[in-house]
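One structure is given below, encoded as structure tokens.
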Amino acid sequence: MKSILRPFYKIARAVRRLHELRTMPLRLEFVVTDYCNLNCRGCTHYSPLAAKEFAPIESLRRNMAHLGRVCGTDVESVYLIGGETLLYPDIIAAMEALRESFATQNLYIFTNGLMIPRLDDAFWATAARLDIILAVTRYPIRFDYDAAIALCASKGVRTEVFGDRSMKDSFYRFALDPAKTQNKRIAHFKCFNRGCVSILGERLYPCSISACVEHLNQACGTDFSHTEGDSLKVDEIKSAAEIRRLRDNPVPFCGYCRAPQTVPYAPSKRQVSEWVE
């Protein structure tokens, strides 16, 4: 009987998954830098390959203000993200601009936690006043994450553990297909980066892999290119519905994406094989 019903279970799971994806709350991620103080194999922001560069604060302010106006409360949460976000030299100004543009949303800073013990009083006061949440990802490194999270609490700053990369099967390899022969709909349906809407420069992308792939191109001589339909120009976006359409449907870039594989956590050797099949 179980063998007879197995195909129906698969269909039911697929329908349930599709419903979950279609009703996923909208979140935005503003990339402030892809430079990082960790060196993780297969990073989806290509941080081991990225130069020490930072988003201009005026560009961030302009993009935040525009998206705050046109999206309003249709956006549930907004992130500052890297690389290592806390390395951004204008982090306080970025936090203030974010809260000014998104007055009622949950606001987060992604971090691997290593910079938390070094943050100054101005940062703590601003984060507490603006109710900015530190979204901490634990990595299998020699660092006292419990002490870092306790420090945040002592400063009146909320934290959430966004992920624990030290656990088995918690780290993924997202290999790209240079021939762009993957089924876009299947790749999009299975995408683990679904929902990570990334604003980089003056454009908005449906995922960080697409947004940040130029680091791979420049460092390794690959040619993963963007075409019409892969992104939106931020200042031309008129509603959250446009962003949802980009997020919820396969784009041409999806043809590069193979299904992700779980791999052990390891330092990057900056080899193209970490990102390309």
Side-chain angles (χ1 to χ4, degrees), residues 21-34 44-45 53-111 126-127 129-135 158 160 162 188 191 193-214 226-254:
L21 294 173
R22 289 290 182 179
T23 57
M24 180 188 300
L26 183 61
R27 86 184 196 200
L28 303 177
E29 299 182 356
F30 290 89
V31 181
V32 299
T33 183
D34 287 316
T44 58
H45 280 249
E53 299 174 341
F54 305 98
I57 187 61
E58 287 306 320
S59 174
L60 279 176
R61 284 196 182 104
R62 182 170 59 251
N63 290 338
M64 290 172 182
H66 178 74
L67 291 175
R69 284 193 301 270
V70 300
C71 294
T73 55
D74 288 329
V75 174
E76 180 177 281
S77 54
V78 190
Y79 295 74
L80 298 177
I81 193 170
E84 174 44 46
T85 318
L86 293 176
L87 292 172
Y88 186 58
D90 292 314
I91 189 65
I92 290 178
M95 287 192 289
E96 291 174 337
L98 196 64
R99 180 53 79 192
E100 183 177 346
S101 298
F102 299 93
T104 62
Q105 286 82 355
N106 292 320
L107 304 185
Y108 296 84
I109 292 176
F110 268 114
T111 178
T126 305
R129 174 172 54 85
L130 300 178
D131 193 21
I132 307 288
I133 304 165
L134 292 187
R158 291 195 289 159
E160 291 184 12
F162 187 79
H188 183 260
C191 182
N193 268 5
R194 183 102 166 242
C196 300
V197 176
S198 301
I199 298 93
L200 179 64
E202 304 304 320
R203 302 199 72 86
L204 181 147
Y205 301 84
C207 74
S208 61
I209 293 173
S210 174
C212 304
V213 74
E214 190 57 31
H226 292 104
T227 58
E228 186 177 355
D230 279 326
S231 65
L232 300 172
K233 196 168 186 299
V234 172
D235 63 7
E236 294 178 356
I237 296 172
K238 295 180 174 60
S239 70
E242 294 178 42
I243 301 174
R244 287 185 181 278
R245 282 195 294 272
L246 183 74
R247 183 196 70 177
D248 293 341
N249 295 282
V251 298
F253 193 91
C254 294

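Only a predicted model underlies this, so the values are computations on that prediction, with no experimental measurement involved. Only heavy atoms go into these numbers, but all of them, side chains included; no hydrogens, no water, no symmetry mates.
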Report the distance from atom [atom1] of [X] to atom [atom2] of [Y], rounding to the nearest 0.5 Å.
X: Leu80; Y: Phe30; atom1: CG; atom2: CZ; result: 8.0 Å
X: Ser77; Y: Leu28; atom1: OG; atom2: CG; result: 8.0 Å
X: Leu98; Y: Leu130; atom1: CG; atom2: CG; result: 9.0 Å
X: Asp230; Y: Leu204; atom1: CG; atom2: CG; result: 12.0 Å
X: Phe253; Y: Ser231; atom1: CZ; atom2: OG; result: 11.0 Å
X: Ile81; Y: Asp34; atom1: CD1; atom2: CG; result: 9.0 Å

Under a 4.5 Å cut-off applied to non-hydrogen side-chain atoms, are [X] and [Y] in contact?
X: Arg61; Y: Met64; value: no
X: Val251; Y: Pro206; value: yes
X: Val32; Y: Thr85; value: yes

Can a donor-acceptor pair be found, under 3.5 Å and without considering hydrogens, that links the side chain of [X] to the backbone of [Y]?
X: Arg194; Y: Met24; value: no
X: Thr111; Y: Ile109; value: no
X: Asp131; Y: Leu107; value: no
X: His45; Y: Ser208; value: no
X: Arg99; Y: Gln105; value: yes
X: His226; Y: Ala211; value: no

**OP:** Determine, stepwise, if the pair Asp90 / Phe54 fulfils side chain to side chain contact (heavy atoms under 4.5 Å, CB included).
**Re:** CA-CA 9 Å; Asp90 292 314; Phe54 305 98; over 6 Å; no
Smallest separation among heavy atoms of [X] and [Y], with atom names:
X: Glu242; Y: Lys238; answer: OE2-N, 2.9 Å
X: Arg27; Y: Gly195; answer: CG-O, 3.4 Å
X: Val31; Y: Ala55; answer: O-CB, 3.8 Å
X: Cys212; Y: Thr44; answer: CB-O, 4.5 Å
X: Cys254; Y: Pro250; answer: SG-CA, 4.0 Å
X: Gly201; Y: Ser59; answer: O-OG, 4.0 Å

**OP:** Could you tell me which residues satisfy side chain to side chain contact (heavy atoms under 4.5 Å, CB included) with Val70, sequence neighbours excluded, listed by chain and number?
**Re:**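 Checked Val70 against side chain to side chain contact (heavy atoms under 4.5 Å, CB included); matches are His66, Leu67, Ile237.
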**OP:** May I ask you to decide if the ring planes of Phe110 and Tyr79 are parallel, tilted or perpendicular, using 30° and 60° as cut-offs?
**Re:**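 Plane angle under 30°, so parallel.
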Subject >> For Tyr88, all residues meeting ring pair (Phe, Tyr, Trp, His ring centres under 6.0 Å), sequence neighbours excluded >> reply: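 Scan of Tyr88 (ring pair (Phe, Tyr, Trp, His ring centres under 6.0 Å), adjacent residues dropped) gives none.
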Original post:
Is there a salt bridge (Lys or Arg N to Asp or Glu O under 4.0 Å) between Arg158 and Glu160 once you walk through the steps?
Top reply: CA-CA 7 Å; Arg158 291 195 289 159; Glu160 291 184 12; 5.2 Å; no
**OP:** For the pair Arg247 and Cys207, evaluate side chain to side chain contact (heavy atoms under 4.5 Å, CB included) and give the outcome as yes or no after the intermediate values.
**Re:** CA-CA 8 Å; Arg247 183 196 70 177; Cys207 74; over 6 Å; no
**OP:** Mark yes when over 12 heavy atoms from residues, nucleotides or ligands other than Glu202 sit less than 6.0 Å from its CD; otherwise mark no.
**Re:** yes
Subject >> Donor-acceptor pair between Thr33 and Glu53 side chains, under 3.5 angstrom >> reply: no
